[in-house]
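Only one structure is covered here, and it is reproduced in the block below.
The sequence lines fix the lettering, A, B, ..., with proteins before strands; numbering per chain opens at 1.
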Amino acid sequence: MDQQQKRRQRYIAACVILILGVVVLMILNICIGSVSIHLADLREDETLRKIVWDIRMPRAFAVLILGGALALAGYLLQTFFHNPIAGPFVLGISSGAKMVVALVMVFFLGKSIRVSSAAMIFAAFFGAMISMGFVLLMSRRIQGMSMLVVSGVMIGYICSAITELVVTFADDADIANLHNWSQGSFSGMTWDNVKVMAGVIAVTFCMVFMLAKPLSAYQLGEVYAGNLGINVKLLRLAMVVLSSILSACIVAFAGPISFVGIATPHLVKKLLGTAEPIWMIPACFLGGSVFCLFCDLLARMLLAPTELSISTVTAVFGAPVVLWVMIERKKRK
Amino acid sequence: MDYYFQTEQICVGYQGIPLIENITIEAGKGEILTLIGPNGAGKSTILKSIARQLALLGGIVRLDGQDIAGLSGNELSRKMAVVFTEKLRTEMMTCRDVVATGRYPYTGRFGILSGEDHQAVENAMELVHIEEIKDQDFTKISDGQRQRVMLARAICQEPQILVLDEPTSFLDVKYKLEFLSVLQELTRKKGLVVIMSLHELELAERVSDKVLCVKGKYIERFGSPDEIFQPGYIKELFEIETGSFDEENNSMELQPVQEKAKVFVIAGGGRGKPVYRRLQRAGIPFASGILFENDLDYPVARALAAEIVATEAFEPIPEEIFGAAKRSLDDCERVICCRGKFGAFEQANEKLLSYAKENGKPVSFVGK
């Protein structure tokens with residue numbers, strides 16, 4: 001029992017660290033920017049309050065929510081495919097979502113109709129499911145984790161090519177906007193956006209958390225999950241739908257963001273020292289938030305006042321993690 | 001009869017294509033039913049179908065009289081546990097964590113273990129003697145240990161029936177015996193039904209209450225080990241073409257050298273076996289005699305010797321057998337004598353040795 005208690009303490013400590021990380025980074029994200037702000041100044045200065053309240057706060061919350069969702073989507077996909085280098089970006093799911101969103105946006109903007117957040121999420125979800133369908137088809141025919149990722153990357157390229165094509169044909173005024181979004185960016189978030197994403201992701205998160213027990217059985221492999229009384233087909237369907245909703249939500253609001261989905265689950269797993277879903281699901285969410293808050297801070301700070309694309313920063317920190325995971329695996333064999 | 005486990009004319013196969021049809025078998029509480037048969041005959045397919053991992057193509061599997069098709073996943077998992085050849089995927093899991101996954105059917109929505117569950121995990125680990133490795137990572141233990149952890153996991157599930165696919169294949173002899181002893185203990189103490197496939201025929205004969213022979217489209221034979229291990233049957237079941245299998249002693253021998261005998265081995269009392277095998281390895285054809293039919297050397301000589309002179313056990317050696325032995329010896333170039341001292345009933349062998357010496361055959365002695 002002693003050993004068990006020690007492990008429990010470690011899990012709790014890890015979660016506390018992640019929560020502290022989120023809090024500290026949230027404050028930094030709100031205070032640091034082209035105008036740096038001391039919390040004490042807020043009371044006097046109306047403009048500062050506006051900057052914080054209308055620009056930085058919604059953005060920081062959006063990063064927190066979407067970062068968590070991204071990591072959770074990555075975790076679900078890695079579990080689903082039993083593949084440590086799966087994620088919404090490498091499997092082409094983000095790009096699929098991006099493609100459909102771009103199509104919808106160009107179509108509606110051409111008619112001067114504003115596209116609502118909900119419609120964007122639906123479009124993204126539809127696109128995510130298209131890519132997911134292709135990846136699933138491929139995964140039946142090919143073996144090996146690297147081949148699956150290669151086919152996902154190919155699907156991603158096809159979707160991106162179509163997106164580029166659409167963007168090129170769009171009206172000039174829209175291009176700047178679309179181009180920015182299709183690179184992935186957290187800028188321009190409003191409180192309304194945050195409300196919608198918080199609602200959707202809170203519900204999805206709860207549903208994923210309810211799956212913690214069957215997921216722990218699924219991790220053992222389909223045969224043993226089946227023997228433990230799991231309806232494997234239903235569980236797989238749930239995982240596909242939930243990970244697609246999460247990916248869709250991210251793409252709809254921030255565009256495709258690379259490497260957070262792949263890298264975070266591994267970092268969090270190492271921090272926790274377990275792969276148990278009941279701990280991994282919340283910790284992964286927090287880890288994704290920390291990772292994205294940190295990267296967004298850098299994206300805004302490094303070349304201020306110009307903003308870097310968020311994927312540039314996430315790639316710098318995420319890609320080495322993926323390489324490290326692959327080398328570790330090789331060593332174990 | 002009241003059997004806990006029964007199948008009624010089940011038909012198994014993949015993707016709607018039947019592989020084996022009309023399987024009707026049963027096992028009562030505390031019985032061990034073993035599947036034997038050549039590779040690829042469909043033993044695993046049968047086991048997977050029984051465990052509802054593969055859809056049946058026909059027929060009914062009953063547990064305690066209930067059709068398992070009507071059970072929910074959770075109900076079935078409380079009755080049946082499996083140890084299959086598929087590797088269990090684990091990540092950062094200790095052996096105790098792996099065993100604890102067996103408690104899954106009994107835990108609540110979030111799978112948190114109660115004190116009772118922890119106790120069951122400890123008991124299961126104790127039963128298969130893995131307490132000393134319980135905090136080690138599951139991926140870093142040996143095959144033998146891993147298989148025992150898998151068994152503990154299955155036990156922890158508190159099933160009434162255990163389904164195992166070749167559970168002993170990668171274990172060394174010590175662990176094979178230990179593993180099967182635990183299974184016996186479970187059947188005796190808890191009245192578990194064990195259904196498994198085994199590659200080791202000698203173990204199958206010893207541990208099983210019932211044996212099912214799987215080959216071809218229909219079941220070959222189903223019965224007690226003594227019904228199955230009839231002389232000649234294993235050779236037929238496995239289509240053995242080179243070498244032989246002796247059902248009575250459960251031993252196998254390699255292909256004999258099929259030429260005219262060059263060496264005559266005077267054997268008996270088990271002394272001849274090592275000599276026979278050495279000659280077989282060297283590729284020298286030999287004859288042997290005079291053996292009583294209940295001698296330890298007899299089955300080995302039958303498998304390996306080009307020629308054999310044997311006589312009925314518990315009877316004096318008749319004159320015509322002695323004559324046959326002399327003729328056989330005449331055809332050989334040399335003689336090897338494995339008997340240091342001749343007993344009262346094998347005077348004929350002593351005479352045979354003198355006969356060889358008189359006729360100038362080179363004689364060498366082996367053993368005392």
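Environment of CZ in A:Phe81: crowded, with over 12 heavy atoms of neighbouring residues, nucleotides or ligands closer than 6.0 Å. The environment of CD in B:Glu116 is sparse: at most 12 heavy-atom neighbours from other residues, nucleotides or ligands sit within 6.0 Å. No more than 12 heavy-atom neighbours from other residues, nucleotides or ligands sit within 6.0 angstrom of CZ on B:Phe170.
To the nearest 0.5 Å, atoms CG (A:Leu220) and CZ (B:Phe138) are separated by 9.0 Å. Note: A:Leu228 CG to B:Thr107 OG1 = 9.5 Å, rounded to the nearest 0.5 Å. Atom NZ of A:Lys269 sits about 6.0 Å away from atom CE of B:Met92, to the nearest 0.5 Å.
Of the listed residues B:Asn74, B:Val98, B:Thr94, the one with more heavy-atom pairs under 4.5 angstrom with chain A than any other is B:Thr94. Counting heavy-atom pairs closer than 4.5 Å to chain A, the top residue among B:Asp135, B:Leu76, B:Val163 is B:Asp135. By number of non-hydrogen pairs under 4.5 angstrom with chain A, the leading residue of B:Ser72, B:Gly102, B:Ala81, B:Ala51 is B:Ala81.
Heavy-atom distances place the side chain of B:Arg153, and not its backbone, under 4.5 Å from chain A. Contact of A:Pro214 with chain B is made through backbone and side chain together, with heavy-atom distances under 4.5 Å. Both the backbone and the side chain of B:Glu86 come within contact range of chain A, judged by heavy atoms closer than 4.5 Å. Contact annotation for B:Lys87: only backbone heavy atoms (N, CA, C, O) come within less than 4.5 Å of a heavy atom of chain A. At a 4.5 Å heavy-atom cutoff, A:Leu272 makes no contact with chain B through either its backbone or its side chain. Within the 4.5 angstrom heavy-atom criterion, only side-chain atoms of A:Ile278, from C-beta onward, approach chain B.
Listed here is the closest heavy atom pair of B:Ser77 and A:Gly229: CB-N, 3.8 Å. Considering every non-hydrogen atom in both B:Arg96 and A:Gln4, the closest pair reads NE-OE1, 3.4 Å. Between B:Gln157 and A:Asn227, the closest heavy-atom pair is NE2-OD1, 3.2 Å. A:Tyr224 and B:Phe84 make their closest contact through OH-O, 3.0 Å (heavy atoms, listed as atom of the first residue, atom of the second, distance).
Here the side chain of A:Lys213 pairs a donor or acceptor atom with the backbone of B:Tyr104 at under 3.5 angstrom. No donor-acceptor pair closer than 3.5 Å links the side chain of A:Gln219 to the backbone N or O of B:Glu91.
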Inset, instruction - Please lay out, stage by stage, how A:Arg7 and B:Asp97 fare under the test salt bridge (Lys or Arg N to Asp or Glu O under 4.0 Å). - result: CA-CA 12 Å; A:Arg7 282 162 76 186; B:Asp97 293 338; 2.4 Å; yes
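A 4.5 Å side-chain heavy-atom check between B:Arg109 and A:Met210 finds at least one atom pair inside the cut-off.
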